[in-house]
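Right, one structure below, let's go through it.
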Number of protein chains: 2
Amino acid sequence: MPMGKVPDIVVGRLPLYLRTLNYLIEEGHEVVSSQELGRRLGISPAQIRKDLSHFGEFGKQGAGYDVNYLRKQLTHILHVERVWPVALVGCGALGHALANYNGFLTKGFEITLIFDNDPAKIGQMVAGKVIHDVADMPRLLCEHGIRIAIVAVPSSAAQATVDILVKCRVRAILNYAPINISVPPGVQVQNIDPAVHLQRMTYYL
Amino acid sequence: MPMGKVPDIVVGRLPLYLRTLNYLIEEGHEVVSSQELGRRLGISPAQIRKDLSHFGEFGKQGAGYDVNYLRKQLTHILHVERVWPVALVGCGALGHALANYNGFLTKGFEITLIFDNDPAKIGQMVAGKVIHDVADMPRLLCEHGIRIAIVAVPSSAAQATVDILVKCRVRAILNYAPINISVPPGVQVQNIDPAVHLQRMTYYL
DNA sequence: CAGAGTATGTGACTGCTTTCACAAGGTGAC
DNA sequence: GTCACCTTGTGAAAGCAGTCACATACTCTG
């Protein structure tokens, strides 16, 4: 198991492999080849084998990969054997949808804290959880040992929100605000902006 | 203006440049250097200059880039001078949030058609638009000349939905279903799966 | 158990992306 | 006008990522 410095681009593909393995299990497959996995993902078999070889030798020559075993290994590598508690900041339409999304739990995440700054919303229930005041973020994030947060606030509030999160030792941020946020080294950020994704495609139209 | 074959990875950064330029205009800046732009985006100045050089010479030595002019050029390159009509398929919690998102219009998009397969929803209004039956998709997509669609249906329905869209000449798909969809060559796909984005970060935790 | 078929893991290679470094040219102070 | 200072655009170089091709080894049939 080499496992030295793995390129980020490789890490980024692991969740896709894991997701596909879960579907394979649902479909009753017990074994899968890099070819079949690649076909489903639109990725070359060689690339999948190389990616996985960064972490160990999970396959069997002549047969392929044991689906359950590989799933377990990837789950371990990505640290999603456990379920991470996640804070959701901003409970507008998007925050609402995220709070009610039931796909998180089986993937290793659970939204356990929800925040908003609208007095009309604070105290209300969403997806079985109370909406807390953003003013209480520092205390509650610490108490719950939160390391992962989802930001679904307006652009104008995003950087300030992120600054608080970082100060409270959050280390991974999924940012839905359509603006670039800056964080200190060691804090991971992933951005989701539908307009950016769409514009990337209109270039080719 | 060379403009031969531009790497996709370069195209993917253009919307980020454009987004940042819009904020710069709001803030009243008339000129920006590659250095300042890079600082805001976490990208090296050299990379920004090289990216832009694929499309022409937009800057002035000693000064930088005229913000308005560069914005106009990028808008042109990305084909978002016009507003594209977009179809939204699936009007659950997420679809609802997307239909009500008011950030699309200024970025070159407008959700003009909404579809769902739930008889209880068909005919209802969302964000000022009627929810249509997915059975009417072929007819309505053609009538409106739709080329772009957002898929927000359950995973189990995603591939079938995409197949219909492709048949109706949709050429760009923003897929929110947490599953890999396959499309013929020439059709663009962008995937958004929050769990995948989160798992990419937990590797580092 | 032999042999045809199949699939992995990996070094070498190819091609793509990013960074570097600098000539060319614009700016602004005085 | 001159000079010190900036900033762009771009070849060259360096660094990364993806593909190829094959040795190795397992499977399955008969």
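In what follows, chains carry the letters A, B, and so on, assigned in the order in which the sequence lines appear, proteins first and then strands, with residues in each chain numbered from 1.
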Counting only heavy atoms not in Glu30(B) (residues, nucleotides, ligands), do more than 12 fall under 6.0 Å from its CD?
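12 or below, so no.
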
Rounded to the nearest angstrom, tell me the gap between atom [atom1] in [X] and atom [atom2] in [N].
| X | N | atom1 | atom2 | answer |
| --- | --- | --- | --- | --- |
| Gln47(A) | dT8(C) | CD | P | 15 Å |
| Ile48(B) | dT19(C) | CD1 | C1' | 13 Å |
| Phe58(A) | dC26(D) | CZ | P | 18 Å |
| Asp66(A) | dC26(D) | CG | P | 16 Å |
| Lys50(A) | dG11(C) | NZ | C1' | 7 Å |
| Phe55(A) | dG9(C) | CZ | P | 13 Å |
| Glu57(A) | dT10(C) | CD | C1' | 10 Å |

Minimum heavy-atom separation for [X] to [Y], with atom names?
| X | Y | value |
| --- | --- | --- |
| Gln47(A) | Tyr17(A) | O-OH, 4.3 Å |
| Val31(B) | Ala63(B) | CG1-O, 3.6 Å |
| Arg200(B) | Asp8(A) | NH2-OD2, 3.0 Å |
| Ser33(B) | Tyr65(B) | C-CD1, 4.5 Å |

Please tell me if the side chains of [X] and [Y] come closer than 4.5 Å, counting only heavy atoms from C-beta onward.
| X | Y | value |
| --- | --- | --- |
| Tyr176(A) | Leu174(A) | yes |
| Thr106(B) | Asn22(B) | no |
| Ile25(A) | Asn68(A) | yes |

Estimated bend of the helix from dC1(C)-dG30(D) to dC30(C)-dG1(D) (axis per five terminal pairs, rounded to 10 degrees):
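That helix gives 30° between its end axes.
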
Can you pull out the residues from residues 8-15 of chain B that lie within a 4.0 Å heavy-atom distance of DNA chain C?
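Residues of residues 8-15 of chain B that come under 4.0 Å of DNA chain C are, in numerical order, Ile9(B), Arg13(B).
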
Tyr65(A) side-chain N/O to dC26(D) phosphate OP1/OP2 under 4.0 Å:
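Indeed not, no polar side-chain atom of Tyr65(A) lies that close.
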
Do the side chain of Thr202(A) and the main chain of Leu78(B) share a donor and acceptor less than 3.5 angstrom apart?
yes

Do the side-chain N and O atoms of Asp163(A) and Gln159(A) include a donor-acceptor pair separated by under 3.5 angstrom?
yes

Taking atom types as modelled, find out whether Ser34(B) and Arg49(B) have a side-chain donor-acceptor pair closer than 3.5 angstrom.
yes

Using atom types as modelled, flag every donor-acceptor pair under 3.5 Å from a side chain in residues 126-148 of chain A to any protein atom, sequence neighbours excluded.
| from | atom 1 | to | atom 2 | distance (Å) |
| --- | --- | --- | --- | --- |
| Asp133(A) | OD1 | Ala135(A) | N | 2.9 |
| Arg139(A) | NH1 | Glu143(A) | OE2 | 3.3 |
| His144(A) | ND1 | Leu140(A) | O | 3.0 |
| Arg147(A) | NH1 | Arg169(A) | O | 3.2 |

For Tyr101(B), the ring pair (Phe, Tyr, Trp, His ring centres under 6.0 Å) test, sequence neighbours excluded, returns Phe104(B)

Only residue of Asp193(A), Ile179(A), Asn180(A) satisfying side chain to side chain contact (heavy atoms under 4.5 Å, CB included) with Ser155(A) is Ile179(A)

Residues in residues 21-45 of chain A with a heavy atom under 4.0 Å of DNA chain D, by number, are Ser44(A)

Residue met sooner reading DNA chain D from 5', once Pro7(A) and Leu52(B) are mapped to nucleotides:
Leu52(B)

The contact string for nucleotides 21-30 of chain C, one letter per nucleotide 5' to 3', using protein heavy atoms under 4.0 Å with B, S and - for base, sugar-phosphate only and none, comes out as B--BBSS---

